[in-house]
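Okay, structure first, notes after.
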2 protein chains.
Amino acid sequence: MPLLVVGSVALDSVETPSQRRDNILGGSAVYFSYAASFFTSVRLVGVVGDDWPPAHTEMLRARNIDTAGLQVIAGAKTFRWRGKYLENMNDRETLDVQLNVMHDFTPVLPESFKRCRYLFLANGCPSVQMKVLDQMPGAELVMADTMDLWINNDRQQLLELLRRVDGLVLNDSEAKLLTGDENLVRAGHRVQELGPRFVIIKKGEHGAMFFSKHETYVLPAYPTKQVVDPTGAGDSFAGGMMGYLAEQASFDPKTLKEAMAYGILVASFTVEDFSLDRLQQISREDLRHRMGEYQRMLAF
Amino acid sequence: MPLLVVGSVALDSVETPSQRRDNILGGSAVYFSYAASFFTSVRLVGVVGDDWPPAHTEMLRARNIDTAGLQVIAGAKTFRWRGKYLENMNDRETLDVQLNVMHDFTPVLPESFKRCRYLFLANGCPSVQMKVLDQMPGAELVMADTMDLWINNDRQQLLELLRRVDGLVLNDSEAKLLTGDENLVRAGHRVQELGPRFVIIKKGEHGAMFFSKHETYVLPAYPTKQVVDPTGAGDSFAGGMMGYLAEQASFDPKTLKEAMAYGILVASFTVEDFSLDRLQQISREDLRHRMGEYQRMLAF
């Protein structure tokens, strides 16, 4: 089943304690799409400027990612993010953000995209996320991401969004911020009570937690020695997870748990190099192999 | 198979954001012993002053914990620790430490204890830990804990100890400090290369990681809403783990993984109340029940 994602398409500049890359391919919709493309066809909605290298679009298309929804704005520049990871490779500082074309991005979905039944609203302004939802009344599974900016500055709109989505993905500090609860298990359930049928709290190197009315579980991250660049891990997680759900055309509890594990594993590859570099080296078979290792790790 | 532990016996005063308790039963050897006593008989070596309530000793004895190695020093005071947990219930400040009888504690093992084949050296000065080892040349499985104080101030002795133990248990920040590596997977393997056959990195609410020459795995913590007092979680983990190993009289890879899971589950009960209050309410059956939930959580 095809999967639709609306989110950012970016040129990132990333510094880590040992390396630096400038103007590399990034953005939530890009990481999500590529991660999902191991499992299903993807339709991407986003916006770039005319500084965008067409080769990136070609590369995505070759992955069965439909870029008909990628607007190119003449005379404008692509969204740019510059950040720096600290020694622990978990905390980061944003050094510069140039919204450029994202500043007044109002996603308009191609007609053919509106029939998609699985939708991911990558991190963005909740009112824009809802405008996308309005265009897809037939969506069966809607998942969304959010961030501290919207929790702090746009809480009412975010709460409205939460009543309209099936699943929410957010990180641990965001869950604490949204609920005011420092205990992640309680925080997860409280977010779930705000509307979504299920909530996933991402914990970076510590894995992810799942909450629904009747279920609570935690899966650890896949232990990797090789953390080169954590950028895009969260979006890769969401893409791997939702890609698997779309492939299975199901989101029953059993499939959701398998999907979460696949999300964790795709993300574990993403962080092993900059941008999509590592993901571009692997196949579905590599994911299957790592899944075997992961399941053995958790079996006793 | 009986299990021997050498460590601290303490009266703790604990503040959390919502509650406070003074002079409650604590200490590494106490948490370890009680946790292990769900699985096997325990022999405790420690020291207290004459301010020590004999009722505590009685309570431990009733759990099949042999206190023949608990010295009571007349005219002296028991080790006291006072600490305060921050809002997140993970970070804590030590407000006061009174070493008292621990100041010049030199463990002398009763003859009957020396034949014990499973030994846990709770956190302590490495030279003292080695003096205990010297008294037990026939030990088959020796595990030890350590802390930042010894890593910073007593590194040479600690490195000597590491060449003499089978397993080391330490927390994430200590593993990073000992190796200078911020990646926990690399840090775990580096510690293992310093001597122990296996290393366990405790990550608090995020679970624990296991490292041997041929294995690397992570198990998450059991997700609990009810974190009242994290004091003793690490020692309960070690006690539950080693208690299970002693019960099974084995430390093959399969048993080690089961044991680590039991350690995680005993610790998950410990944090649900102050001191041993929660552990005193549960039975082996409760542990078995939670193990079932935990295994279902990790199966997919």
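Chain letters run A, B, ... following the sequence lines, proteins first, then strands; residues in each count from 1. Everything quoted here is computed from the prediction, not taken from an experiment.
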Scan the chain B/chain A interface and emit each donor-acceptor pair under 3.5 angstrom with its distance.
{"unit_1": "B:Asn183", "atom_1": "ND2", "unit_2": "A:Thr224", "atom_2": "O", "d": "3.3"}
{"unit_1": "B:Asn183", "atom_1": "ND2", "unit_2": "A:Lys225", "atom_2": "O", "d": "3.2"}
{"unit_1": "B:Arg186", "atom_1": "NH1", "unit_2": "A:Lys225", "atom_2": "O", "d": "2.7"}
{"unit_1": "B:Lys203", "atom_1": "NZ", "unit_2": "A:His206", "atom_2": "ND1", "d": "3.0"}
{"unit_1": "B:His206", "atom_1": "ND1", "unit_2": "A:Lys203", "atom_2": "NZ", "d": "3.0"}
{"unit_1": "B:Thr224", "atom_1": "O", "unit_2": "A:Asn183", "atom_2": "ND2", "d": "3.3"}
{"unit_1": "B:Lys225", "atom_1": "O", "unit_2": "A:Asn183", "atom_2": "ND2", "d": "3.2"}
{"unit_1": "B:Lys225", "atom_1": "O", "unit_2": "A:Arg186", "atom_2": "NH1", "d": "2.7"}
{"unit_1": "B:Lys257", "atom_1": "NZ", "unit_2": "A:Arg296", "atom_2": "O", "d": "2.9"}
{"unit_1": "B:Lys257", "atom_1": "NZ", "unit_2": "A:Met297", "atom_2": "O", "d": "2.8"}
{"unit_1": "B:Lys257", "atom_1": "NZ", "unit_2": "A:Ala299", "atom_2": "O", "d": "3.2"}
{"unit_1": "B:Gln295", "atom_1": "NE2", "unit_2": "A:Phe300", "atom_2": "O", "d": "2.9"}
{"unit_1": "B:Arg296", "atom_1": "O", "unit_2": "A:Lys257", "atom_2": "NZ", "d": "2.9"}
{"unit_1": "B:Met297", "atom_1": "O", "unit_2": "A:Lys257", "atom_2": "NZ", "d": "2.8"}
{"unit_1": "B:Ala299", "atom_1": "O", "unit_2": "A:Lys257", "atom_2": "NZ", "d": "3.2"}
{"unit_1": "B:Phe300", "atom_1": "O", "unit_2": "A:Gln295", "atom_2": "NE2", "d": "2.9"}

In terms of heavy-atom proximity below 4.5 Å to chain A, should B:Ala221 be classed as side chain, backbone, both, or neither?
->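 Backbone of B:Ala221 only, per the 4.5 Å heavy-atom cut-off to chain A.
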Which answer fits A:Met260, side chain, backbone, both or neither, if we ask what part of it has an atom under 4.5 Å from a heavy atom of chain B?
->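 Nothing of A:Met260, per the 4.5 Å heavy-atom cut-off to chain B.
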Distance in Å, A:Phe210 CZ paired with B:Met297 CE, rounded so as to fall on 0.5 Å steps =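 Result: 13.0 Å between the selected atoms.
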